[in-house]
Amino acid sequence: MDAAGGEQLSLAAVRDALVRLEDSVVFALIERAKHRRNAPAYAPAAAAGGRSLVEFFVREAETGHYQKPEDVPFFPQDLPSPLFPSKYSAKVLHPSASLVTVNDAIWKMYFNELLPLFTVDGDDGSYAETVALDFVCLQVISRRIHIGKYVAEVKFKDAPQDYSPLIQAKDSNSLMNLLTFKAVEEKVKKRAEKKARTFGQNVTLEDTAGKQEGTAGDSGCKVDPKVLSKLYDQWVMPLTKDVEVEYLLRRLE
Ligand SMILES: C=C(O[C@@H]1C=C(C(=O)O)C=C[C@H]1O)C(=O)O
């Protein structure tokens, strides 16, 4: 993971990368929210061989390059082999990192739970753009969550004596407790909400001093800031921790 400093991985560096990715998550949602829900893009379509337009689009787009461990395809079965040898080989992560994916859960969460929370019901007809923007959202959320592999690796390296017995005992619950930092999670939630409030406000040249703090102006935000705290609280952080646990369970193989 470039942003986390390559081989000199530290928990602080990985957390910095996660903080930076929050910006991309917020902006991806803001872009998608410009369009209506556009339900026909998610129903099976004859023109897409019976698949939904979004599935058709994502499958096509994924034939690009997936080389970094945190970039995990949604439809791995149908991908051609990479043309070039990967320069992101297992220098930092344990080789079984590539087996860890929660993309099925991310896909279901995004379409069934998240999309209805931040898009307006209705149909504006621009399905191609809509599914492209969905893919941007899915990819950035997925990358964020799969960076959990690096988080787990540094936590393990920092305290192998604590993690190893739990890994050997396949004790997922105790691993989950050991890698959880509630105070960090609280900050992540609050910051994601604040970023949505900051990045999603309508910037005007009039004097709006005093009106920007708090939740009074949230109705004017491009994406409801509360959706961001919910996204992180209920889905992004729990799935990141699932990735951490799954990675750790294979760490001594
Ligand atoms: C990612 C970490 O592991 C856990 C998951 C977090 C997250 O997804 O943001 C935050 C704190 C930890 O409970 C971390 O420690 O930074």
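Order of listing sets the numbers, starting from 1, for every ligand and every atom in it.
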Does R51 qualify as a cation-pi partner of F56, given the criterion of NZ or CZ under 6.0 Å from the six-membered ring centre and within 45 degrees of its axis?
no
For atom 13 (O) of ligand 1, closest protein heavy-atom neighbour:
E185 OE2, 2.6 Å
Distance under 4.0 Å to a non-hydrogen atom of L179: what atoms of ligand 1 satisfy this?
3 (O), 4 (C), 12 (C), 13 (O)
Give a yes-or-no answer on whether the side chains of T119 and R36 include a donor-acceptor pair shorter than 3.5 Å.
no
Number the atoms of ligand 1 from 1 as they appear, then name those within less than 4.0 Å of a heavy atom of V184, with their elements.
10 (C), 11 (C)
Distance col, row H35:NE2 vs D123:CG, nearest 0.5 angstrom, shows 11.5 Å
Are V14 and I147 close enough, and set up right, to give a side chain to side chain contact (heavy atoms under 4.5 Å, CB included), and what steps lead you there?
CA-CA 8 Å; V14 186; I147 285 177; 3.7 Å; yes
Is any side-chain N of the basic residue among K190 and E193 closer than 4.0 Å to the acidic one's carboxylate O?
no
Please report whether ligand 1 has a polar contact with V151, defined as an N or O pair separated by less than 3.5 Å (distance criterion only).
no
Need the ligand 1 atom indices (1-based, order shown) with element for anything under 4.0 Å from a heavy-atom of T180.
13 (O)
Quick test: of every protein heavy atom, which one is nearest to atom 12 (C) of ligand 1, and how far off is it to 0.1 Å?
F181 N, 3.5 Å
Near T240 (heavy-atom distance under 4.0 Å), the atoms of ligand 1 are 8 (O)
Could you find the nearest protein heavy atom to atom 16 (O) of ligand 1 and give me its residue, atom name and distance?
R15 NE, 2.6 Å
Indicate the atoms forming the closest heavy-atom contact of T180 with M176, along with that distance.
OG1-O, 2.6 Å
So which heavy atom in the protein is nearest atom 4 (C) of ligand 1, and how far is it from that ligand atom?
E244 OE2, 3.5 Å
Among all protein heavy atoms, pick out the one at the shortest distance from atom 8 (O) of ligand 1; state its residue, atom name and that distance to 0.1 Å.
R144 NH1, 2.9 Å
Does ligand 1 have a heavy atom under 4.0 Å from the side chain of V236, from its backbone, from both, or from neither?
neither
What about K155: any of its N or O atoms under 3.5 Å from an N or O on ligand 1?
yes
Under a 4.0 Å threshold between the charged nitrogen and the carboxylate oxygen, would E185 count as salt-bridged to K182?
yes
Determine, for R251 against E153, whether the closest basic-nitrogen to carboxylate-oxygen distance falls under 4.0 angstrom.
yes
